[in-house]
Structure formats: structure tokens, C-alpha cells
Amino acid sequence: MHLFKSLSLATAAVCGLTVANAAEISSPNGEIIVNFSLESGVPTYHVDYKGKPIILPSTLGLELVGTTNLMDGFELIGENSSTQDETWEPVWGENSQIRNHYNEYLAHLKQPATERLMDIRFRVYDDGVGFRYEFPMQDKLVYFVVKEEHSQFAMPGDMTAWWIAGDYDTQEYAYTESRLSEIRGLMEKSIIDNLSQTTFSPTGVQTSLQLKTDDGIYLNLHEAALVDYSCMHLNLDDKNMVFESWLTPDAMGNKGHLQCPAKSPWRTMIISDDARDMLSSNLILNLNEPCAYEDTSWIKPVKYVGVWWEMIAGPSQWSYTWDYPSVKLDTIDYAQCKPHSRHGANNENVKKYIDFAAEHGFDQVLVEGWNIGWEDWSGNWKDYVFDFVTPYPDFDIDMLNKYANDRGVKIMMHHETSGSARNYERHMAVAYDLMDKYGYNAVKSGYVGNILPRGEHHYGQWMNNHYLYAVTEAAKHHIMVNGHEAVRPTGLCRTYPNLIGNESACGTEYESFGGNKPSHTTVLPFTRLQGGPMDYTPGIFVMDLNEFNPENHSHVNSTLARQLALYVTMYSPLQMAADTPEHYGRYMDAFQFIKDVPVDWSESHYLEAEPGRYITVARKDKNSDSWFVGNTSSEHGHKSNLTLSFLDPDRKYIATIYADAKDAHYKDNPQAYTITTKEVTSKSSLSLNAAPGGGYAISIVPKP
Ligand code: NOJ
Ligand code: CA
């Protein structure tokens, strides 16, 4: 199969080179073909999949502030092509080896009127396409300010989309499944229904965006390697069905400050006619740079419990004294205050979680509300609420860390910044030093509230640089980072594998704020998880939250068996058992699965998948020959007929199946489950039933 062909539609003789102004680049298996050309000086591309158009002719370019745009008037002055085929080993992941196989085409463009240079690089894989802009070192373009990036993705027609509204400051929305043509109407309705939504356009959506054409082709649009650039949204021209990039602005309304040499993140398109390929694609990781650290031996997947759900859903609180009266922090004399009876992070309660973690083999205990400042929730007004080093009087940091370490457990640090990135950067070095002193090696950080510096947004270039700074500074201390409310991941965990988690979507906490849709976890792996793992915090066993906290009237929209399955279907090297020791005590037989399930894998096989309906995946433990299977299903439930052909044909195994009972239902009978064991081989098949909002989890252990 040819790698790329220059099409001699027209040629230009520049610097003694004769080059065509159009090229065709094919994927290694020839099924995806990208055409790039200059149409009257405008960079233009289109993509075909198995002979049919999947991206119609779309233009590329950038609009600049105060100077000539980089959108038209280009000439092609050179081109390069190459092929890469290598296999690399992630520090942690769904697979222990990843093949990176693509054909690359690089167009060197020149704008003769300004004498500026811009390159566009395409990589074409069997599972999709990536392209990015590159701005080489040059005399006539040194610093520039981006007004807007205008990368188009022209759809072949109206189609189904799984989307959340564009927003510069939150990704914590429920997904809507609709036709593209319905987005405008639904968005208007949702703004009326939900005043917290601050979308910037009636057809603006976030990535990763999952799409499906009427003839069954799946297309996913996202970005890879978001570094020193603002995060991209997609704005739909719903007359012509053309998406266009829409970057997050800074406090002045500009969309990026670049200095040559510079490059944009990759714009990615995952393409297949099999939904399972969307989930097994490594396109986004492959488009990121290799690991930046020489020594990664300190980076370890983590299974943890925590003093957390009792604050989110239950009766406890983060603050030491009052609930949230927003008093002035410097007027509180903690030594004179008695701890509130609801303060969760107290010595006795933390010891209880440490004992539970030690007894059941968990690595860490997250403790939130351990440090002073929670009474003064004024992050939107001033930027010095938390110092990240001063414990409340009832949290004995020295004693508790010793108590944990003596039992083979670590405490997980929590840094809630209340959105004040400036304050966090000021305290970061001493905060990480404190972690070193007491033996913490992982931090959950959070960015609740408006960003300070004022006017910056959670997903702008300034904050994206901040998140990466926090990760690379942490690496110097051998600390792993799990950022909540941070920008959605774009595969940077390949380069910086101490970024072991992010939230960046509605996680389990939303089960306590009204409940996630039962289909939510059948969409997230197609969307949010494309860029990297999520700290989803599954494992809730008591669904009626009123039982936990009389003031909480929310219901967890999942069966118990499905909560187990999420440890397999929601891939992450960081997994929390989010419920309380007391709640687990009621269902110890089911809790066994959470104890057994690994957090690192050597192989993953997606067995069944359809966005918004169901996902079934089998994964092999990286440190043993055991396999684990998980299924998550929507409100429609699901029937699976699985063949266990992924097992070693020369071995026998014992399968333990944690399934929804016949009468289980996420709403009114979520705790009805069965646990059965049977001997299986690679020839066995299993017929399984997921209840509405249900699922199943299976451990498959080799017979000795
Ligand atoms: C929001 C986070 O998502 C949640 O996990 C955390 O407990 C609170 N912020 C407080 O930091
Ligand atoms: Ca959150």
C-alpha cells in the first residue's frame, strides 16, 4: 500500500523544488485515506473510511490578533513523509505493550505575502487520524496571539452524538444522546432547566465527542498532548453540519500566546465501524510524547479507601468548626474552638479507615478536610485560603502517618485549592516537602470555584500550564497526582505517568447530587476516558442515601453488581472503594471482588460495546494469570453471550460470577445479586443478564 502520493493537480517551483499542492495519505491497512490540499491557498483536508467520506472537505488555519491571519494565501514549499512502526511499554495501562504504527505526512507551507512559515503534520493510523499545526523558528513570526483556531471537521450529514455542553469551567454534565440537528434545541432547553450551565454557544460542545453515522460508522473527535495551549471545544454550524474548533479564552478574551518554535495539540479522529475499536484505540496515547522521566519505579497503581463519601453523601463535613459560614479565616482561633461533631478527618475516624485498609489490603487512605481553611470558602474573592500544611487540631499528622505506615498503608494527601491556582503555586514547594516528611506519595488536588487569577478559566492556556507544572513539580518529589476539576485529559499520562488520575466529568459524587443517568458509565469510556483514566470512585453498596444521611434524598442509579463491574469497565490505575467500612460490612461476600480486582493490566479485550447501551470488557492482571470481566448496562439492561476464548487454551480456571439477581433493578432492587462459581476453559461460553442500570463482574482465576 502506498504511503502517500503527491497529486499533480498543480505544481509550484519553489527553492528549486517542484512539489504538488495536494497529497493523499493512507493508513497502514489502507482503510483510512486523508487528502490534503491547498484550495486557492487555503489548507484543506478530507478523510475517507473504507471508501466512504467520513470528514468532508474542511479548512484549516488560525486567526491572529492584530496581524495577518494564518488562514489563506499559502503555498506548499515542501513535503516529507515517513512511516513509524514501534511498540512501547506504558508504566501502567490497559495493556503492557502498545503498537504505534502510522504513516506521516508533513506539509511545509509559506505565506508569501508575510514570508511566514507554518507546517501541518498528519499521522494516519489504522484506528484514526491526528493532525497539528507547527510554527517553526523564523524571522517573520516570533510571538503571536491567537484570536481563534479555525480547524473544521465537516460531517457527512446529520448523525447521532453523545455530547455535553461547551463550558470553559466545568465538564461535570450529564451526557445527552441526540441527533446533531437537535443540539441547539436541547441546549436551549437545558439552559432553561439548569441555570448553572454557562455555555458560550447554543451549538458548542466539549470533546471527546462520540458520534455515529446512520450507516454505523463511529467517529470520535478529541485532542492529544494539550500543552501550553488552550483547550478546544467544538462549535457546530448546524445548517451545514460542520464542527469548528473554539478555544478557551484567557482573561482578556485571547485564545493563546505562542512563541516560535511552537505547535498546537493534535486534533484527533478515531474512526471505525465497530464500537469496540473506539474503546481499544490507543491513538491518543500514541500521539503523545514518550515518557519524560528516566526512573519511573516510584509510580505505582493505587487502590484506596477514604474519609470522603461520608462528607459527599453522608453526615460528615470537611470543616472543623462550622458548616460553611464563610467567616474570615484569620479571625478563627482553632485552638479555642471545639471540633464540630461532624468533622470527618479526626484521629479516631481516620484510624478506623486505616485499620480497614490494612485488614483488606488497600494501599492508601484519602483524608479530606484535614487542613485548616474549609470554614472560609472565599476562594472567589481572595486567594490565600488554604496553606496545605496546617492540620486541624484533631488531625495528628505525625501520629496518623506513623499509624498507617506501621500497618503497610499510606495516607493520601488532599489539596483543595478552591480555584486559587496562584495561592497553590505559592505554597506548592512547602506542601510537597510536607508530604515527603510524612511519607505521602500521592495527592488528590481540586479546583472548585472560579479561578484566581481572576478571569482565567479552568481550561485556558494559563491553567493548562499550571496543571502540568503541578505534575512535573510533584515528580521531583516522587509524588503521584490525581487532579479534580482540572482540564480533561489528552493522553499526557504517557509522557508524565505520575498523572495517575483526573476527574473532569461527573463521577460517583453526582449519585449524591441527584443521581447519574443509568447509562452514564456506558458513555464515559467512549468520551471522557479517551484522554486518560478517571478517578470515578465506584463501589457504592448502599444506594438509598437517605439511609446514610437523613438530609440526602438522592439515589445511586446502579445495581450493586454494576458497582463491582465499574472496576473493570472504567479503566484506571487509581481505584477507590468509595463507600464506608460499615456499608461494606453488610455485603462482605460482594466486597471480595473489590479486594481481588487488580489496578494494572497486561491485556484488555473489549467483548461488546455500544455507547449509551452497554460495555463488556475482559482484562488480564499484569501480575498474575487471572482475568477479570466487567459489564455495565443502561436502563435497558443487557443480555450477553460470551465466549471465553481469550483464556489460555491449556488451562482450567475457576470463574466467580457476581451478577444481578433476576429481580434486580437499579431503582427499587439494587442490592439483589447472586455469586456463583464454576469451572471454565477457553471453550466455555457464559450467558449473562444485566438488570436495568445493572451489570456483572467476574473473576477468573487459574486452577492450581
Ligand atoms: C470536588 C471533588 O470532585 C470532590 O471529590 C472533593 O471531595 C470536593 N471537591 C472537595 O474538595
Ligand atoms: Ca468534582
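One-based numbering, in listed order, for ligands and for the atoms of each. This is a predicted model, so every value here is computed, not measured.
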Could you list the atoms of ligand 1 found under 4.0 angstrom from a heavy atom of E503?
3 (O)

In terms of relative ring orientation, are Y536 and H520 parallel, tilted or perpendicular, with 30° and 60° separating the classes?
tilted

Electrostatic pair K352-E582, nearest N-O below 4.0 angstrom:
yes

Taking only heavy atoms of V448, which atoms of ligand 1 are found under 4.0 Å from at least one of them?
1 (C), 9 (N)

Is the charged tip of K351 near the ring of Y403: under 6.0 Å from the six-membered ring centre and within 45° of its axis?
yes

Parallel, tilted or perpendicular for Y432 and H477, by the 30°/60° rule?
tilted

Which of the numbered atoms in ligand 1 are below 4.0 angstrom from a heavy atom of W374?
10 (C), 11 (O)

Quick check on contacts: which atoms of ligand 1 are under 4.0 angstrom from a heavy atom of K444?
4 (C), 5 (O), 6 (C), 7 (O)

Suppose I only count heavy atoms of H414 and a 4.0 Å limit; which atoms of ligand 1 are within that range?
11 (O)

Against heavy atoms of E416, which atoms of ligand 1 measure under 4.0 Å?
9 (N), 10 (C), 11 (O)

In the protein, N/O/S atoms that are found under 3.0 Å from the Ca ion (ligand 2), waters not counted:
E172 OE2, E485 OE2, E503 OE1, E503 OE2, E509 OE2

Take the angle between the ring planes of H457 and Y168 and call it parallel below 30°, perpendicular above 60°, tilted in between.
tilted

Polar atom proximity, W308 to ligand 1 (N or O, under 3.5 Å):
yes

Classify the ring geometry between H415 and Y424 as parallel (under 30°), tilted (30 to 60°) or perpendicular (over 60°).
perpendicular

Ligand 1 and W318, any nitrogen or oxygen pair closer than 3.5 angstrom?
no

For atom 6 (C) of ligand 1, which of the options E368, E485, M311 provides the nearest non-hydrogen atom?
E368

Is the positively charged end of R586 above the ring of F541, judged by distance under 6.0 angstrom from the centroid and angle within 45° of the axis?
no

E509: numbered ligand 1 atoms lying under 4.0 Å from its heavy atoms:
1 (C), 2 (C), 3 (O), 4 (C), 5 (O)

Report the C-alpha distance between N557 and M543 in whole Å, list the side-chain angles of each, state the deciding distance to 0.1 Å, and finish with yes or no for side-chain contact (heavy atoms from CB on, under 4.5 Å).
CA-CA 7 Å; N557 290 327; M543 313 304 174; over 6 Å; no

Heavy-atom contacts with H484 under 4.0 Å: which atoms of ligand 1 show up? List them by number with element.
2 (C), 3 (O), 5 (O)

Are E485 and K444 within salt-bridge range, i.e. N to O under 4.0 Å?
no

Is the ring pair Y440/Y438 parallel, tilted or perpendicular, if the boundaries are 30 and 60 degrees?
perpendicular

Do you know the tightest heavy-atom contact between T580 and Y353?
CG2-OH, 3.7 Å

